[in-house]
Structures are given as C-alpha cells and as structure tokens.
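Here the structure comes first, spelled out in structure tokens, and everything after it is commentary.
A note on names: the letters A, B, ... follow the listed sequences, proteins ahead of strands, and every chain is numbered from 1. Heavy-atom basis, side chains included; hydrogens, waters and symmetry copies ignored.
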Protein chains: 2
Amino acid sequence: MDKGQKEVTIYDIAEKLHISAATVSRGLTNHPRVSKSTRKSILKAAEEMGYRSNSIASNLRSKKSNVIGVIVPRLNSSFMSDLIAGVEKVVNNNNYSLFISQSLETMQKEVTNARAMLNNRVDGLLVSLAYDTTNIEHFEPFLKRNIPVIFVDRVFEHASCPQIFIDNTKAAYEITNHLIAEGCKNIIHLTASLLRNVYADRLSGYKKALEESGLQFRESNVIIGDLSSQAGIDAAAQILKMEKLPDAVFAANDICAVSCMIELQKHGIRIPEDIAFAGFNNDPTACVVQPNLTTVNYKGYEMGEVAAQLLINHLIDKSDLQQTHSLILRSELIIRESSLRSKKS
Amino acid sequence: MDKGQKEVTIYDIAEKLHISAATVSRGLTNHPRVSKSTRKSILKAAEEMGYRSNSIASNLRSKKSNVIGVIVPRLNSSFMSDLIAGVEKVVNNNNYSLFISQSLETMQKEVTNARAMLNNRVDGLLVSLAYDTTNIEHFEPFLKRNIPVIFVDRVFEHASCPQIFIDNTKAAYEITNHLIAEGCKNIIHLTASLLRNVYADRLSGYKKALEESGLQFRESNVIIGDLSSQAGIDAAAQILKMEKLPDAVFAANDICAVSCMIELQKHGIRIPEDIAFAGFNNDPTACVVQPNLTTVNYKGYEMGEVAAQLLINHLIDKSDLQQTHSLILRSELIIRESSLRSKKS
DNA sequence: CTGTTAGCGCCTTCAT
DNA sequence: ATGAAGGCGCTAACAG
C-alpha cells in the first residue's frame with residue numbers, strides 16, 4: 001500500500017513561490033508577521049498543489065498534539081455516549097481531536113489504554129474509571145509530564161487531578177427518603193462495584209436515609225452485580241425467592257431498574273402497589289417503561305461539555321487546574337409513577 | 001505548562017548502556033536481529049528510566065500512524081454507540097488507536113472532520129454519512145493517498161470505497177408486508193433525509209410492498225423529519241389531525257416509533273387495535289415500551305466489528321479491499337405485540 | 001516582514 | 001548483532 005505520489009510539503013510550496021519554507025509555515029498558520037499578499041499566494045499555491053498539513057510533523061516539532069484522550073468504561077451506554085458526545089462537541093469546536101478508548105470495566109485494559117494515550121502524546125486526558133480499578137498509578141506518568149488528567153463521574157481522589165461529578169450521596173439520600181415517605185420500609189438496593197465513588201456514595205446515601213428514619217439497614221438488602229439488563233433480571237429472580245417481598249427497589253441505574261421491574265411484572269408483581277421502583281440516570285427508557293420510572297436526572301452530555309471545557313481552557317490559557325479541584329454538578333430527583341404508592345393504595 | 005523534566009529518549013537509554021540508539025530502537029520494537037541479552041537490558045533500562053516511546057516521532061519516520069479514524073453522524077445514539085463500541089474493540093485488540101468525531105448530521109462538519117483526520121494522517125477511515133451530505137469529494141484526498149475509506153450503514157456508491165450495510169429495502173419490504181398481512185391498508189411511513197441509502201431504501205421497500213399488494217402509495221403518507229424523539233411527537237400530532245386515521249405506522253427507527261406511539265396513546269389511540277406500529281433497529285426501548293415494538297433487528301456492534309476488521313486486515317496484510325466492494329450483513333424481522341392486530345380485533 | 005539553521009525522536013538503510 | 005548517518009515535515013530560534 002504505497003501512498004501514491006509523494007506528499008506535497010511546505011518545501012514544495014516554498015520552491016514554487018521562490019520563498020523560504022519558514023515563510024510558508026508562517027503563512028499557513030496565520031502567523032501575524034507575514035504580508036497579506038504572500039499569505040494569499042501561499043494559500044493559493046497550497047490549495048492548487050493539494051497540500052495537506054502534516055500534523056504529525058507539526059506535533060513532533062511543537063511538542064503539542066492538539067489531541068485529547070478519553071478513557072471510559074464502555075462506549076455503548078446511554079450515559080457514557082452522551083458524555084462523549086458532549087466532550088466531542090467542545091473538543092471539536094476548539095480544533096482539538098479526540099482519542100477514545102474503552103476499558104470494558106477492567107483495570108487491565110484501562111492501563112493498556114492509558115499507555116497508548118501517553119505514547120500518542122495526548123495533551124490531556126479525561127477518565128471515567130473501570131469497575132475494578134484499585135489504584136491510579138497508570139496515570140502517574142501523565143502527571144509527571146504535567147499532562148492534565150481529569151476524572152469524570154467515576155472519580156478518584158488525587159491531589160493533582162480535578163474531579164467532575166454529582167453529589168451521589170445526596171441524590172441517593174433524597175430518592176431513598178422519597179421511597180420512605182411513600183411508605184416503603186423494606187427497600188432493596190441494586191448496585192455495582194463499591195470501589196467506585198458513584199456506587200459507594202449512592203449506597204451511603206441510601207444507608208443514611210434508612211438510619212435517619214429509624215429503619216434498619218440490612219446487608220442482605222444490597223445486591224451487588226454489574227447493573228446490566230441481565231443483572232436486573234437476576235435480581236428479580238432473587239427478590240421473588242425472598243421470604244418476605246420487599247416493598248421497594250432502588251437501583252443505581254435505570255437500565256437495571258427497568259429490566260428488574262419488567263421481570264417482576266411478568267411474575268404478577270404490581271408496580272408500584274406491591275413494589276415501588278426508583279432508578280438513577282434518567283435514561284431514555286425511564287419514561288418509556290410502564291409505569292414511568294422515578295429516577296435522578298443527571299445527563300452525561302453536560303458533564304462531558306464541562307469536563308472538556310475545563311481541560312481545554314487549561315490547555316489554551318494555562319488557567320489553573322488545581323484551583324478547581326472538584327466540580328460538583330447539579331442533579332435532580334424526578335418523581336414518576338413507579339414510586340407513587342401513597343395515592344394508589 | 002512546561003512538561004517538567006526532559007523526556008527520556010532512546011538516546012538516553014543508548015548512552016546509559018553504551019550502545020547505539022539504533023540498537024535500542026531495535027530492541028524496543030522486537031526486531032529479530034538483536035541479542036536476547038541486549039534486548040533484556042534495554043527493556044530493563046527503559047523501564048527504570050521511565051522511557052515512553054514517542055509514537056509521534058515514530059509515525060513521522062515510518063509514515064504510519066496506527067490510528068483509525070471514525071466519522072459518524074452522532075455519538076449518542078444507541079445504534080451509533082454500539083457500532084463504535086464494536087469498532088473500538090477490534091481496533092484496540094489490534095494495537096491501533098481510534099480517532100472519533102461526529103458530523104452532527106451536517107455535511108459541513110463532516111468535511112471539517114475529514115480534514116482533521118487527514119491532517120492527523122489516519123491509516124484508514126470508517127464513515128457513516130450525515131443526513132445532508134450530497135457528495136463525497138471530501139474523501140477524495142484520502143483515496144488519492146491510498147488511505148482506505150470504508151462506508152458503514154449510511155453508505156455512498158464509489159468504486160474505491162467498500163460499503164457495509166444491510167438490505168434495507170428487503171427489511172422494509174418484509175415489515176410492510178407483515179403490517180399488510182395484519183390487515184393494515186393505510187400505512188404511514190416516518191423517515192428522514194432520502195439522500196441516505198438507509199432511508200431511501202426503506203422507503204422503496206415500503207413502496208414495493210404496497211404496490212405488490214395492490215395498495216395505493218400516497219406521497220402524503222410519508223412524513224420526513226429527523227427521526228428524533230421530537231419528530232415522533234410531531235408526527236403523532238400530524239396523524240391526529242388527519243381526516244381518516246391511518247391503521248399503521250412504520251417508522252424508520254425505533255426512537256421515533258416509540259415516542260410517536262406513546263404520544264398517540266396519550267390521546268386515547270389503542271396500539272395495535274387502532275393503529276399498528278413498527279420501527280427499525282431493535283433499540284433497547286423496543287422491548288420496554290407497551291406494547292413491545294415490532295422492528296428489524298440490526299445491531300450496530302457487529303457491523304462495527306466487521307468494518308473495523310475489514311479495514312485492519314487490509315492495513316496489516318494488504319488484503320484486497322476492492323474485492324469486497326459491498327458487504328451486506330444480515331438483519332431480521334422481529335414481530336412483537338405492537339403490530340399484532342389480527343388476533344385482537 | 002523574511003531567510004537560515006537546527007533539531008523534535010525515531011527508524012532505516014548501509015556498513016561493519 | 002551492532003553502529004553511523006541521514007531524514008520524515010515542520011517550526012522555533014536567531015538574524016537581518
């Protein structure tokens with residue numbers, strides 16, 4: 001696969017116009033100290049000759065790639081793809097490019113991906129951690145080189161890494177309190193790896209609400225899975241086997257909540273009369289399922305935009321990153337029919 | 001933002017080991033003609049010194065970036081994020097990296113993105129076209145340089161560009177026939193820009209089925225929007241205003257079908273008794289909505305895998321791309337309650 | 001405003 | 001099995 005005819009370089013343009021390559025370079029990059037007329041002729045020649053700037057060479061020389069790296073657990077989840085879409089928009093609008101990889105929820109792949117990102121000399125990194133990541137040594141090489149690393153949603157405490165997330169504890173506390181206010185006393189919580197702040201915090205908000213209401217927290221009421229659709233079905237099976245049926249389920253994401261709910265309905269359980277339901281994320285499915293699902297609205301798009309903008313501002317004007325150590329975005333409880341028992345029973 | 005201490009290069013390793021940089025380079029890239037012992041000491045020194053290979057420099061020298069570019073209309077759609085996840089998996093497994101950008105359904109951004117991809121010298125490109133793309137001149141510079149361009153799902157006919165898609169005409173023909181078999185005689189079709197094969201072909205399948213059954217095709221029964229959730233709601237309003245209510249709706253995607261269906265239900269329309277419904281894509285929402293949506297199963301993940309593998313095989317072993325000009329993947333009709341009228345009425 | 005020079009870090013001949 | 005030398009294409013000094 002030879003690349004056909006030789007690439008046109010700035011030297012070719014320089015030769016044709018009888019000027020130096022440096023001037024061509026300046027003309028092409030809108031350098032201020034180049035006359036209008038020469039710039040015009042440079043651009044014209046470049047166009048005619050089919051010149052395409054070689055970012056690789058430029059990156060090597062300038063030690064700047066204009067590339068942002070993103071590592072997320074998965075690309076095909078509603079939340080993550082929203083987040084990435086937000087990132088892409090901001091990154092693209094600022095003439096940066098985007099390297100993307102997914103860890104598939106394993107630390108091992110996260111480490112590999114981080115390595116590739118560093119080798120490609122990304123100017124900055126946005127990371128949302130995998131389920132089983134226990135430490136973040138794999139990001140140290142970035143920090144050593146002053147390449148900013150920002151954690152988004154699934155964060156990690158580190159002095160040099162800004163974090164962007166929502167107040168998961170508070171959101172879970174509120175949603176649990178809502179269930180309690182609706183008369184629920186025996187609430188199951190479906191969640192995933194407690195290594196991740198998002199799940200650990202939601203669990204602690206759930207606990208806090210129970211304790212404050214004088215309800216007993218039971219270890220056995222917490223079902224840890226991977227919050228997939230299948231996990232919801234499995235949880236439903238587990239619930240159906242319980243001696244005493246719970247009166248509510250609070251899942252740490254909507255996907256799992258919805259599949260669990262549907263599975264229970266198939267077995268004759270009425271929602272919310274028998275079991276009230278709440279999820280997390282405000283997934284598109286939340287307002288399709290019947291009854292509509294009570295959840296926490298917390299769209300990834302905005303979070304992606306904010307994270308990317310923070311990173312790019314820092315890259316462009318050296319704005320201080322350490323100053324914004326953690327950025328806690330707003331989330332809101334959305335109450336829908338799946339949890340409204342009081343009026344029904 | 002200085003990058004802290006100077007980068008460790010192969011020269012630093014060479015100096016420390018009193019060997020040449022060339023040998024270090026060979027050692028690092030598993031070149032066969034380097035002794036076991038020197039390679040070992042090179043790897044050890046590299047590790048100790050915190051050396052990280054600079055892909056940028058390597059790319060410049062070798063004229064190969066090990067990067068695949070992807071341009072899709074949007075990142076945050078269930079289908080596209082599935083597709084990208086499939087691409088990422090294959091690309092990652094083959095030690096390539098992924099550049100991703102979204103056109104947001106405009107040709108203008110698609111052109112800009114393509115430019116950036118070329119400047120960054122991607123080794124190959126996967127493209128799914130925007131709604132309003134009228135020509136593909138913006139990919140000519142790739143072809144001129146023998147950089148392979150593969151179209152996925154939303155394709156374009158071009159002698160040098162392989163295409164990967166499904167038989168949209170056939171799928172739409174089958175689904176329309178199914179609706180007709182259920183007794184529907186006045187079927188609305190919701191779709192988007194007919195510049196795109198996926199929508200043009202689905203429309204022609206729909207037409208073909210009507211004609212073969214002796215039903216009249218009416219221009220006014222085709223509603224062209226952007227197939228968004230909002231488009232579904234708008235279509236519902238339009239349908240409700242019709243003199244004579246249709247007896248079926250076939251939407252070119254599930255998102256739009258679902259939102260249209262729910263909106264109609266809010267106005268007392270019974271599905272499928274009053275209006276039968278069918279969508280396209282087998283979106284996660286299709287089996288959450290009540291009644292479950294009849295649709296065409298056609299997951300993006302596999303399509304992404306196939307496309308990426310085809311591209312990478314070509315890149316690695318120069319396998320002939322032209323040979324596989326178009327690859328038509330399987331799709332299947334999935335019949336669910338939203339279209340089962342015959343047994344009900 | 002423009003030219004000269006040098007080198008970013010690596011790989012790849014060619015030579016030994 | 002290893003070394004020496006050159007250059008990928010561009011840009012950042014430094015001159016003028």
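Across residues 39-48 of chain B, not one residue has a non-hydrogen atom less than 4.0 Å from an atom of DNA chain D.
Residues A:Ile147 and A:Leu143 form no side-chain contact, since every pair of their non-hydrogen atoms from C-beta on lies 4.5 Å or further apart. Counting only heavy atoms from C-beta outward, the side chains of A:Leu195 and A:Thr134 approach each other to under 4.5 Å. The side-chain heavy atoms of A:Ile56 and B:Asn120, taken from C-beta on, include no pair separated by under 4.5 Å. Looking only at side-chain heavy atoms (C-beta outward), A:Phe99 and A:Ile71 stay at 4.5 Å or farther from each other.
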With salt bridge (Lys or Arg N to Asp or Glu O under 4.0 Å) as the test, would you mind laying out the steps for A:Glu140 and A:Arg145 before giving the verdict?
CA-CA 9 Å; A:Glu140 286 298 339; A:Arg145 289 165 174 77; over 6 Å; no

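Nearest heavy-atom pair across B:Ala130 and B:Arg154 is C-NH1, 3.9 Å. The shortest non-hydrogen separation linking B:Asn119 to A:Ser53 is OD1-O, 3.3 Å.
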Between protein and nucleotides 11-16 of chain D, map the contacts as a letter string: B base, S sugar-phosphate only, - none, heavy atoms under 4.0 Å, written 5' to 3'.
BBB---

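Looking at heavy-atom distances under 4.0 Å, A:Ile56 makes no contact with the nucleic acid at all.
A salt bridge does not link A:Glu110 with A:Arg115: every distance from a Lys NZ or Arg NE/NH1/NH2 to an Asp or Glu carboxylate oxygen is 4.0 Å or more.
Between B:Pro32 and B:Leu60, the residue anchored nearer the 5' end of DNA chain D, judged by the nucleotide with its closest heavy atom, is B:Pro32.
Think of the region where chain A sits on DNA chain C: with heavy atoms and a 4.0 Å cut, that region ends 5' and 3' at C:dC1 to C:dG9.
The CD1 atom of A:Ile84 sits 13.5 Å away from the CE atom of A:Met303 when rounded to the nearest 0.5 Å.
Using cut-offs of 30° and 60° on the angle between ring planes, the pair B:Phe139 and B:Phe151 is perpendicular.
Contact annotation: A:Thr9 side-chain N/O to D:dC8 OP1/OP2 distance is not under 4.0 Å. Residue B:Ser20 places at least one side-chain N or O under 4.0 Å from the OP1 or OP2 atom of D:dG3.
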